[in-house]
Protein chains: 2
Amino acid sequence: MTRGPRAGTKRVTLVDVAAAAGVDKAIVSRVVNRDPTLLIRPETRVRVEAAIAELGYRPNLSARSLRTAKTGILGLVIPDFSNPVYAQIIAGAETAAVSSGNVLVTGSATGAASPAAYLDLLGNGRVDGLLIAGGAPSTQEQRILDSLDIPWLLVNRRDRKSRRYVILDDAKSARMAVEHLVELGHTEIAHIAGPKTTDTAQRRLTGFTEAMSEHGLRTPASRIVVGEYTMDGGAEAAAKLMSSRRRPTAIYVANVAAAVGVLHQLSALGLSVPGDVSVVTTHDTELASHVMPALTTVRMPLRELGARAVRSLLDTPPDAQVELLLADDFTLVQRESTAPL
Amino acid sequence: MTRGPRAGTKRVTLVDVAAAAGVDKAIVSRVVNRDPTLLIRPETRVRVEAAIAELGYRPNLSARSLRTAKTGILGLVIPDFSNPVYAQIIAGAETAAVSSGNVLVTGSATGAASPAAYLDLLGNGRVDGLLIAGGAPSTQEQRILDSLDIPWLLVNRRDRKSRRYVILDDAKSARMAVEHLVELGHTEIAHIAGPKTTDTAQRRLTGFTEAMSEHGLRTPASRIVVGEYTMDGGAEAAAKLMSSRRRPTAIYVANVAAAVGVLHQLSALGLSVPGDVSVVTTHDTELASHVMPALTTVRMPLRELGARAVRSLLDTPPDAQVELLLADDFTLVQRESTAPL
DNA sequence: GTACCCCGTTCAATCGTTTGAATCTGAGGC
DNA sequence: GCCTCAGATTCAAACGATTGAACGGGGTAC
């Protein structure tokens with residue numbers, strides 16, 4: 001392996017550059033940081049910049065952090081990298097972080113003994129701020145969050161305890177799905193909801209029932225079934241739903257992974273999608289277009305969610321309230337899983 | 001939002017703890033770091049530990065990093081979070097990092113203007129070592145890597161330039177796939193390979209042709225088609241393959257995303273899988289089991305790959321050669337996409 | 001000629017931790 | 001009663017950057 005330009009030699013510091021340029025290190029520091037209050041002769045500046053380039057000076061970030069109490073790193077903690085929804089949130093967050101002069105790093109809870117331990121590792125002085133996505137924080141996690149000296153906020157979830165979050169208008173997404181099914185002529189519409197404890201599931205359920213009654217449609221309790229946000233959860237829920245006396249002709253599934261399970265189950269029951277049953281879901285991930293039939297989904301601005309989260313984290317004082325609900329740029333992406341009645 | 005135990009007050013430092021315990025800060029530092037050479041009276045240790053707990057002392061990691069030139073952070077750079085293969089690599093790497101007393105953070109190139117810029121941001125003093133997964137590094141990236149003072153190594157890819165990498169035995173994975181198809185009675189077997197520039201694609205192709213000739217089977221050039229590691233790439237390649245005079249009865253696809261595209265394309269051509277054509281691929285991601293028909297795959301130890309990469313990064317001197325090939329724990333996972341001829 | 005001011009630069013303290021070396025304190029040996 | 005010595009603790013010098021304050025020198029005003 002080859003090494004740096006001056007392999008073996010000691011790290012180049014401000015002092016080295018200052019000596020090479022024949023000035024004090026204070027000057028060099030101010031040049032490096034583009035201090036607007038610095039008064040400097042053009043030729044001196046040139047000398048300093050030449051010395052910086054010549055020696056290949058890179059500031060020592062630990063020293064800078066020690067002095068300024070800033071690291072330039074923002075952290076994002078997610079429950080699991082295999083959930084494709086997070087890929088888009090991360091992309092948006094990374095872009096926003098970089099354009100604000102920071103770096104975003106992502107960690108999942110899988111590494112540590114517990115999610116709480118990971119928060120501890122990451123939160124304690126390694127980052128300037130923390131974004132937390134995914135499941136509800138346990139009381140243990142909550143305690144750790146409270147003990148951190150850095151700002152943090154929740155992404156894609158609300159929590160009674162904290163008034164700092166950025167979420168999507170999940171109710172709207174559900175309403176759009178129902179809207180679509182109604183336009184196709186469906187009236188016997190069911191909903192496979194997420195777990196009652198999940199914030200997004202609650203809001204999608206609310207949106208679903210609102211939209212139904214707006215269209216004068218009834219939703220008997222048997223038409224609303226709860227299932228985990230997983231393939232198995234969806235399959236199980238679909239089985240239950242289809243065993244009822246009056247089968248629905250369309251289903252809005254709260255989550256894309258569950259929707260894939262629903263497709264499997266319907267196929268196993270000998271039902272054709274969309275011939276016998278139309279299926280629509282929320283979150284337009286790659287997975288949705290890969291399955292057969294390709295899923296009709298409601299696409300929500302996940303990248304934007306990540307970006308807004310970063311900006312809110314940076315722009316608002318740590319104690320300020322942040323309650324942001326993104327409701328623009330929702331699109332119904334029609335594919336093969338829905339058809340007119 | 002609630003704050004730390006002593007919100008508003010200044011950060012607790014070693015000096016504060018030392019004062020509270022009535023000792024010098026040097027003692028506290030050695031207690032915190034469990035210095036084995038420390039001679040200390042039990043009652044003093046108790047006093048120190050009580051003071052630490054009482055004041056809620058947390059070491060300042062920037063100061064520690066400045067002094068020790070270590071950050072306790074390892075970085076992993078991947079091209080794209082939406083590729084499900086990386087989820088497992090990350091999981092393995094995170095676990096290994098934490099059990100060695102470090103934290104692993106992951107970043108993708110999507111955030112920065114260029115992948116090279118990201119390497120620069122992350123590599124320069126923020127992490128103790130860097131793992132690089134994914135596509136081949138550009139010459140620009142290579143130059144930045146060379147200028148870093150920290151150790152790095154490639155994950156899941158080789159490179160002529162660098163003798164530091166950890167990879168899987170991709171050839172073996174291809175051989176196992178062929179083996180499986182041969183056992184099912186297939187002889188007309190085709191291969192959809194990845195791009196020629198991709199290291200893993202090359203090795204899988206080699207494994208494929210080796211296994212074929214071992215079984216006395218011929219592979220005319222028309223039976224080997226190149227396609228991107230994407231769904232579209234797979235679909236395109238499948239279309240080309242099926243337009244040839246003698247259609248194969250089985251296909252080994254080098255990549256799981258491409259394999260999904262192949263399924264789509266075959267279905268569009270009115271061919272049944274596995275009725276008319278069997279399909280087997282490499283990498284057992286969640287996606288593989290979600291599509292219909294569920295894909296038969298070769299599962300490789302991706303978590304182990306991530307873990308070994310971390311351990312190699314930590315355990316070998318930065319200039320030492322690391323050429324690790326993982327070949328154990330490969331499994332053929334049979335699902336619905338392959339059947340006897 | 002002296003006082004003053006401003007431009008350009010240097011001084012020096014500080015951030016909090018680590019760690020080799022120095023110091024102190026009794027107890028024991030003679 | 002003095003020396004030694006080990007055990008327990010303190011001293012102090014780094015690590016490299018940031019930043020408010022001080023400084024020096026040349027020009028201008030009077």
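All values below were derived from every heavy atom in this structure, side-chain atoms included, with hydrogens, water molecules and symmetry-related copies excluded. Letters A, B, ... are given to chains in the order of the sequence lines, protein chains preceding strands, and every chain is numbered from 1.
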Does a side-chain N or O from Thr44(A) land closer than 4.0 Å to OP1 or OP2 of dG8(C), or not?
no
Please confirm whether the shortest side-chain N or O distance from Thr13(A) to OP1 or OP2 of dC15(D) is below 4.0 Å.
no
With side chains defined as the heavy atoms from C-beta onward, is the minimum distance between Val103(A) and Leu74(A) less than 4.5 Å?
no
Distance, rounded to the nearest Å, where Asp149(B) contributes CG and dG16(D) contributes C1':
15 Å
Does the side chain of Glu94(A) come under 3.5 Å of the side chain of Ser108(B) through a donor N or O and an acceptor N or O?
yes
Out of curiosity, Asn60(B) CG to Arg67(B) CZ, how far, rounded to the nearest 0.5 Å?
14.5 Å
Grab the CD-P distance between Glu43(B) and dG7(D) for me, whole Å please.
16 Å
Whole angstroms only, please: what is the OH-C1' distance between Tyr57(A) and dG16(D)?
7 Å
How large an angle, rounded to 10°, do the end axes of the helix from dG1(C)-dC30(D) to dC30(C)-dG1(D) enclose when each is built from five base pairs?
70°
Give, for atom NZ of Lys70(B) and atom CZ of Arg64(B), the distance between the pair rounded to the nearest 0.5 Å.
13.5 Å
Between Phe81(A) and Phe81(B) (judged by ring centroids, cut-off 6.0 Å), do the two rings come close enough to count as a pair?
yes
In residues 60-75 of chain A, which residues come under 4.0 Å of DNA chain D by heavy atom?
Asn60(A), Ala63(A), Arg64(A), Leu66(A), Arg67(A), Thr68(A)
Whole angstrom is fine here: how far is it from CD1 in Ile40(B) over to P in dT10(D)?
10 Å
Kindly compute the distance separating CZ (Arg163(A)) from CZ (Arg158(A)), expressed to the nearest 0.5 Å.
8.0 Å
Show your reasoning for whether side-chain contact (heavy atoms from CB on, under 4.5 Å) applies to Gln142(B) and Asp159(B).
CA-CA 11 Å; Gln142(B) 189 65 45; Asp159(B) 184 0; 3.8 Å; yes
Expressed in angstrom and rounded to an integer, what is the separation of Ile52(B) atom CD1 from dT17(C) atom C1'?
13 Å
Any residue in residues 28-39 of chain A with a heavy atom nearer than 4.0 angstrom to DNA chain D? Just list them by number, or reply none.
Ser29(A), Arg30(A), Asn33(A)
To the nearest Å, how far apart are Asp24(B) CG and dT19(C) P?
15 Å
Is there side-chain contact between Tyr86(A) and Asp80(A), with heavy atoms separated by less than 4.5 Å?
no
Report the distance from atom CG of Asp16(B) to atom C1' of dC15(C), rounded to the nearest whole Å.
13 Å
Of the candidate nucleotides dA12(D), dA17(D), dT10(C), which contains the atom at the shortest distance from the side chain of Lys25(B)?
dA12(D)
Derivation and outcome, side-chain contact (heavy atoms from CB on, under 4.5 Å), residues Leu325(A) and Leu168(A)
CA-CA 5 Å; Leu325(A) 178 80; Leu168(A) 295 164; over 6 Å; no
Given atom CD1 of Ile27(B) and atom P of dT10(D), what is their separation to the nearest angstrom?
6 Å
From dT9(C), dA17(D), dT19(C), nucleotide with atom closest to Leu14(A) side chain:
dA17(D)
Give, for atom OG1 of Thr316(A) and atom CG of Leu153(A), the distance between the pair rounded to the nearest 0.5 Å.
7.0 Å
Answer whether the closest heavy-atom distance between the side chains of Leu324(A) and Tyr165(A) falls below 4.5 Å.
no
Is the backbone of Ile40(B) close enough, under 3.5 Å, to the side chain of Thr44(B) for a donor and an acceptor to pair up by distance?
no
